[in-house]
Peer 1: 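Handing you this structure, nothing more for now.
Here is the naming used below: chain letters follow the sequence lines, and residue numbers restart at 1 for every chain. The analysis underlying the following values was restricted to heavy atoms, covering all of them including side chains, and did not include hydrogens, waters or symmetry mates.
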2 protein chains.
Amino acid sequence: MALPNGPVAASSEAEAVLFDLVDVYDRAYEAAAAELSLTSAQACLLGRLDERRGMGALAEELGCDASNITQIVARLEALGLVTREPHPRDRRARLVARTSRGDEINRRFAAAFTFARTAVGRLSPDEQDQLTALLRKALG
Amino acid sequence: MALPNGPVAASSEAEAVLFDLVDVYDRAYEAAAAELSLTSAQACLLGRLDERRGMGALAEELGCDASNITQIVARLEALGLVTREPHPRDRRARLVARTSRGDEINRRFAAAFTFARTAVGRLSPDEQDQLTALLRKALG
DNA sequence: CCATAATACTTGATTCACTCAAGCAAGCAA
DNA sequence: TTGCTTGCTTGAGTGAATCAAGTATTATGG
């Protein structure tokens with residue numbers, strides 16, 4: 001989704017700024033991924049592999065079909081960023097793990113995605129706490 | 001992008017809650033669109049047509065290639081939600097406008113996308129102002 | 001006034017994300 | 001061992017998105 005996810009006419013200022021935030025965040029994420037020739041989905045998946053895990057677990061965590069994970073992992077594997085090791089106890093299952101090159105790319109992605117860091121960094125520690133509290137309350 | 005756009009390891013709580021917010025927002029937007037058998041991109045584009053406008057203007061506003069707009073508009077047109085009228089003065093240009101059915105669907109989409117409204121509604125007026133101010137500052 | 005450039009959009013080709021339905025192999029349970 | 005479930009893959013299909021070309025049409029400079 002490169003197109004912004006927001007109504008043009010928000011019914012309050014808070015809603016409008018929320019929309020702006022989401023839009024800028026998403027674009028920044030995609031741009032950071034693109035710097036490393038990754039798609040958002042690839043960068044996202046790579047970021048979930050601090051520990052190796054099964055395809056099913058990834059699908060559940062990311063809220064999509066397992067066959068989607070199969071494909072994204074296949075592309076990451078083709079790029080040499082990920083391996084699919086056999087599960088030691090269950091021969092049906094595969095464990096996805098980052099390669100050392102995958103670690104490196106993931107590290108560089110985290111460095112490239114400065115938006116959240118920068119945005120939060122514009123606030124004082126007190127303000128950061130306020131923001132956290134407000135967003136938590138808003139999220140319900 | 002249905003996959004969440006966020007690093008697993010945020011370096012602060014504020015970052016983590018920001019990520020949560022973006023994730024939930026995006027999913028809610030997509031779900032609301034799906035209720036009306038629309039994609040996010042279609043719902044988004046439909047929402048920008050309170051006044052009719054040219055393809056180029058839409059592409060610029062949404063930050064994507066004009067040919068992408070051509071396709072999305074074509075699908076919306078096939079659904080009877082949008083028309084492509086000839087521009088009165090410039091015969092190269094087309095003006096995209098919602099049909100009455102498009103208006104209706106857009107209205108229903110706005111009603112279905114409750115997330116931002118609900119989230120903001122959990123805050124008192126004062127808190128809403130605080131949130132707005134904090135996010136504006138964070139956005140720079 | 002005409003040749004040329006710029007504009008506005010469309011078409012075609014390609015990649016990727018995503019979903020669903022089917023399938024296969026391996027584990028599990030009666 | 002029969003049959004169900006689990007874990008993943010394959011195949012088919014849709015849609016978003018980009019890029020390169022192409023077609024009109026408008027604008028411009030000599």
Side-chain angles (χ1 to χ4, degrees), chain A residues 1-5 23 26-27 29-31 33-34 36-46 48 52-79 81-97, chain B residues 1-5 23 26-27 29-31 33-34 36-46 48 52-79 81-97:
Chain A
M1 163 218 315
L3 264 56
N5 273 348
D23 186 27
D26 283 339
R27 288 180 193 277
Y29 196 92
E30 191 160 17
L36 297 159
S37 304
L38 296 178
T39 64
S40 298
Q42 289 166 359
C44 169
L45 207 156
L46 207 57
R48 307 288 166 133
R52 62 185 184 168
R53 48 187 2 128
M55 314 285 289
L58 286 166
E60 180 155 8
E61 184 175 341
L62 300 178
C64 70
D65 196 276
S67 64
N68 195 19
I69 301 295
T70 297
Q71 294 186 53
I72 298 171
V73 166
R75 285 176 200 121
L76 287 172
E77 198 179 24
L79 294 170
L81 305 182
V82 135
T83 57
R84 278 185 308 185
E85 309 166 359
H87 189 290
R89 309 198 154 285
D90 186 342
R91 277 186 300 177
R92 293 169 300 181
R94 303 281 187 118
L95 289 175
V96 186
Chain B
M1 157 221 312
L3 262 58
N5 273 347
D23 186 27
D26 283 338
R27 287 181 195 277
Y29 196 91
E30 191 159 16
L36 298 158
S37 304
L38 296 177
T39 64
S40 298
Q42 288 165 1
C44 169
L45 208 156
L46 207 57
R48 307 287 166 134
R52 63 185 184 169
R53 43 180 15 119
M55 315 285 289
L58 286 167
E60 179 154 10
E61 184 175 339
L62 300 179
C64 70
D65 196 275
S67 63
N68 194 20
I69 301 295
T70 297
Q71 295 186 61
I72 298 171
V73 166
R75 286 179 198 118
L76 287 172
E77 197 179 24
L79 293 170
L81 305 181
V82 136
T83 57
R84 279 186 306 185
E85 310 166 358
H87 189 290
R89 309 200 153 283
D90 186 343
R91 276 184 302 177
R92 293 169 299 182
R94 303 283 188 118
L95 289 175
V96 186

Peer 1: Nearest whole Å is fine: how far is C:dT19 C1' from B:E30 CD?
Peer 2: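 So the two atoms are 11 Å apart, to the nearest Å.
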Peer 1: With a 3.5 Å cut-off and heavy atoms only, can you find an N or O donor on one side and an acceptor on the other between the side chain of B:R91 and the base of D:dT25?
Peer 2: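 When only heavy-atom distances are counted, B:R91 does not reach the base of D:dT25 through any donor-acceptor pair under 3.5 Å.
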Peer 1: Rounded to the nearest angstrom, tell me the gap between atom CZ in A:R94 and atom C1' in C:dG27.
Peer 2: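 After rounding, the gap between these two atoms is 16 Å.
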Peer 1: Expressed in angstrom and rounded to an integer, what is the separation of B:L3 atom CG from C:dC16 atom P?
Peer 2: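 Distance check: B:L3 CG to C:dC16 P gives 15 Å.
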Peer 1: Hey, is the side chain of A:S67 pairing donor to acceptor with the base of D:dC8 inside 3.5 Å?
Peer 2: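 Counting by modelled atom types and ignoring angles, no donor-acceptor contact under 3.5 Å is found here.
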Peer 1: Would you mind reading off the distance between A:Q42 atom CD and C:dT15 atom P, rounded to a whole angstrom?
Peer 2: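 Distance check: A:Q42 CD to C:dT15 P gives 13 Å.
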Peer 1: Measure from the side chain of B:N68, starting at C-beta and using heavy atoms only, and say which of D:dC8, D:dA17, C:dC18 lies closest.
Peer 2: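 Among D:dC8, D:dA17, C:dC18, the one nearest the side chain of B:N68 is D:dA17.
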Peer 1: Measuring from A:L79:CG to A:S37:OG, what's the distance to the nearest 0.5 Å?
Peer 2: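 It comes to 8.5 Å.
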Peer 1: Heavy atoms only, 4.0 Å cut-off, all strands: where does B:I69 land among base, sugar-phosphate and nothing?
Peer 2: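 Answer is nothing: B:I69 stays at 4.0 Å or more from every strand.
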Peer 1: Considering every strand shown, what is the Watson-Crick or G-U wobble mate of C:dA30 when both distances are under 3.5 Å?
Peer 2: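 Looking at the geometry, C:dA30 pairs with D:dT1.
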Peer 1: Heavy atoms, side chains only, cut-off 4.5 Å: are A:S40 and A:D26 in contact?
Peer 2: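 The answer is no, as the side chains (C-beta and beyond) never meet within the 4.5 Å cut-off.
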Peer 1: Find which nucleotide of DNA chain C each of A:A41 and B:R84 is nearest to by heavy atoms, and output the residue with the more 5' nucleotide.
Peer 2: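 Counting from the 5' end, the first nearest nucleotide belongs to B:R84.
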Peer 1: Measure CG/A:L79 against P/C:dT15 and give the value in whole Å, please.
Peer 2: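 Interatomic distance, CG of A:L79 to P of C:dT15: 14 Å.
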Peer 1: By the 4.0 Å heavy-atom rule, please label A:D90 as base, sugar-phosphate, or nothing.
Peer 2: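 A:D90: backbone/sugar contact only, no base atoms under 4.0 Å.
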Peer 1: A:R92 side chain: which of C:dC16, D:dA17, D:dG7 is closest?
Peer 2: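 Output: D:dG7.
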Peer 1: Could you state the CZ-C1' distance from B:R53 to C:dA8, rounded to the nearest angstrom?
Peer 2: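 It is 16 Å, rounded to the nearest whole Å.
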Peer 1: Tell me: CZ of B:R89 to P of D:dA27, nearest whole Å?
Peer 2: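 Atom-to-atom, B:R89 to D:dA27, this comes out as 10 Å.
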Peer 1: Test A:V96 against every option in A:M55, A:R52, A:R53, A:E77 by the side-chain contact (heavy atoms from CB on, under 4.5 Å) rule and name the one that passes.
Peer 2: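 So, applying the side-chain contact (heavy atoms from CB on, under 4.5 Å) to A:V96 and each of A:M55, A:R52, A:R53, A:E77, only A:M55 qualifies.
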Peer 1: Would you say B:S40 reaches D:dA16's phosphate, i.e. side-chain N/O to OP1/OP2 under 4.0 Å?
Peer 2: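 For B:S40, the contact criterion (side-chain N or O under 4.0 Å from OP1 or OP2 of D:dA16) is not met.
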Peer 1: For the pair made of CG in A:D26 and P in D:dA17, what is the distance, rounded to whole Å?
Peer 2: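 Distance check: A:D26 CG to D:dA17 P gives 11 Å.
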Peer 1: If you check the A:A66 side chain, which of C:dA8, D:dT9, D:dA16 turns out closest?
Peer 2: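 Nearest to the side chain of A:A66 among the choices is D:dT9.
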Peer 1: At 4.0 Å (heavy atoms only), tell me whether B:T70 reaches a base, stays on the sugar-phosphate, or touches nothing.
Peer 2: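 Base contact.
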Peer 1: Should we count CD of A:E85 as having more than 12 external heavy atoms under 6.0 Å?
Peer 2: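 More than 12 heavy atoms, drawn from other residues, nucleotides or ligands, come within 6.0 Å of this atom.
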Peer 1: I'd like to know if B:Q71 reaches the base of C:dT11 with its side chain such that a donor and an acceptor end up less than 3.5 angstrom apart.
Peer 2: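 No, no donor-acceptor pair under 3.5 Å.
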Peer 1: Looking at CZ of B:R94 and CG of B:L58, how far apart are the two atoms once the value is rounded to the nearest 0.5 Å?
Peer 2: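 If we round to the nearest 0.5 Å, B:R94:CZ and B:L58:CG are 14.0 Å apart.
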